[in-house]
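As structure tokens, the structure follows; a few thoughts come after it.
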Amino acid sequence: MIEFHLDTRSGVSPYLQLVRQVRQALRLGLLKEGDQLPTVKEVVARLAINPNTVLKAYRELEHEGLAAARPGRGTFVTATLADASLAAHGPLRQDLRRWLAKARRAGLDEESIEALFMTTFRAAAQEEIA
């Protein structure tokens, strides 16, 4: 089961953070069709957020066709975002872990690592477009 977390410094609304975390878990194969999402009550207790925030996130996932509420039972995953590239994730994750360890040894903190990764990611994406 997915364990949600919130980043209060991200500038992204809490409901959207929950939606993005579910999408990421679906894309990475961590959640599969039929899996149950945490109940609203569980998420509220763990994250100390308003139940309406969780309900809004779950409604958004339903609207996208990724989840469905079953009255009295909870909210369940109805689709996946994983594709054929899922098999490549393991080796790529290992490479990324090695890179992260190298970045930490070079003295980069979490924010610096994220900034370096995101700027490089965006630059590479722009190069692909050009």
Heavy-atom pair of closest approach, residues Ala25 and Ile2: CB-CD1, 4.0 Å
side-chain contact (heavy atoms from CB on, under 4.5 Å) between Arg97 and Arg93, intermediate numbers included: CA-CA 6 Å; Arg97 283 187 176 149; Arg93 186 176 289 120; 3.9 Å; yes
Chi angles and distances behind the side-chain contact (heavy atoms from CB on, under 4.5 Å) call for Leu31, Leu37: CA-CA 9 Å; Leu31 280 175; Leu37 297 177; 3.8 Å; yes
Worked check of side-chain contact (heavy atoms from CB on, under 4.5 Å) between Ile113 and Trp99: CA-CA 10 Å; Ile113 290 170; Trp99 181 86; 3.8 Å; yes
Cluster overlap Leu30 with Leu81, hydrophobic side-chain contacts below 4.5 Å: no
Side-chain touch Val54/Val44, heavy atoms, less than 4.5 angstrom: yes
Cluster check Phe76, Leu18: I/L/V/M/F/W/Y, side chain < 4.5 angstrom: no
Same apolar cluster: Tyr15 and Val12, side chain cutoff 4.5 Å: yes
Residue pair Ala68 / Glu62: nearest heavy atoms and the distance that separates them: CA-CG, 4.0 Å
Polar side-chain atom of Glu64 near backbone of Leu61 as donor-acceptor pair, under 3.5 Å: no
Thr78 and Glu33: side chain donor to acceptor below 3.5 Å: no
Pair Arg9 + Glu111, salt bridge at N-O below 4.0 Å: yes
Minimum side-chain heavy-atom gap Thr75-Gln36 below 4.5 Å: no
Lys32 versus Asp35, closest heavy-atom pair with distance: N-OD2, 2.8 Å
Asp95: side-chain contact (heavy atoms from CB on, under 4.5 Å) partners, not counting sequence neighbours: Arg98
Residue pair Asn50 / Thr53, side-chain donor-acceptor N/O under 3.5 Å: no
Exercise: identify the closest heavy-atom pair between Arg23 and Leu66: CG-CD1, 4.1 Å
Leu100 vs Phe117 side-chain heavy atoms within contact, under 4.5 Å: no
Glu127 side, atom CD; Arg122 side, atom CZ - distance, nearest 0.5 Å: 14.5 Å
Non-hydrogen atoms of Gly65 and Ala79 that approach each other most closely: O-CB, 3.5 Å
Donor-acceptor contact below 3.5 Å, side chain Gln21 vs main chain His5: yes
Pi-cation contact, Phe4 with Arg46 (under 6.0 Å, within 45°): no
Residues, nucleotides or ligands: over 12 heavy atoms within 6.0 Å of Glu114 CD: no
Test log, rule side-chain contact (heavy atoms from CB on, under 4.5 Å), inputs His89 and Leu28: CA-CA 8 Å; His89 288 201; Leu28 296 173; 3.5 Å; yes
Distance, nearest 0.5 Å, that separates OG of Ser112 from CZ of Arg104: 12.0 Å
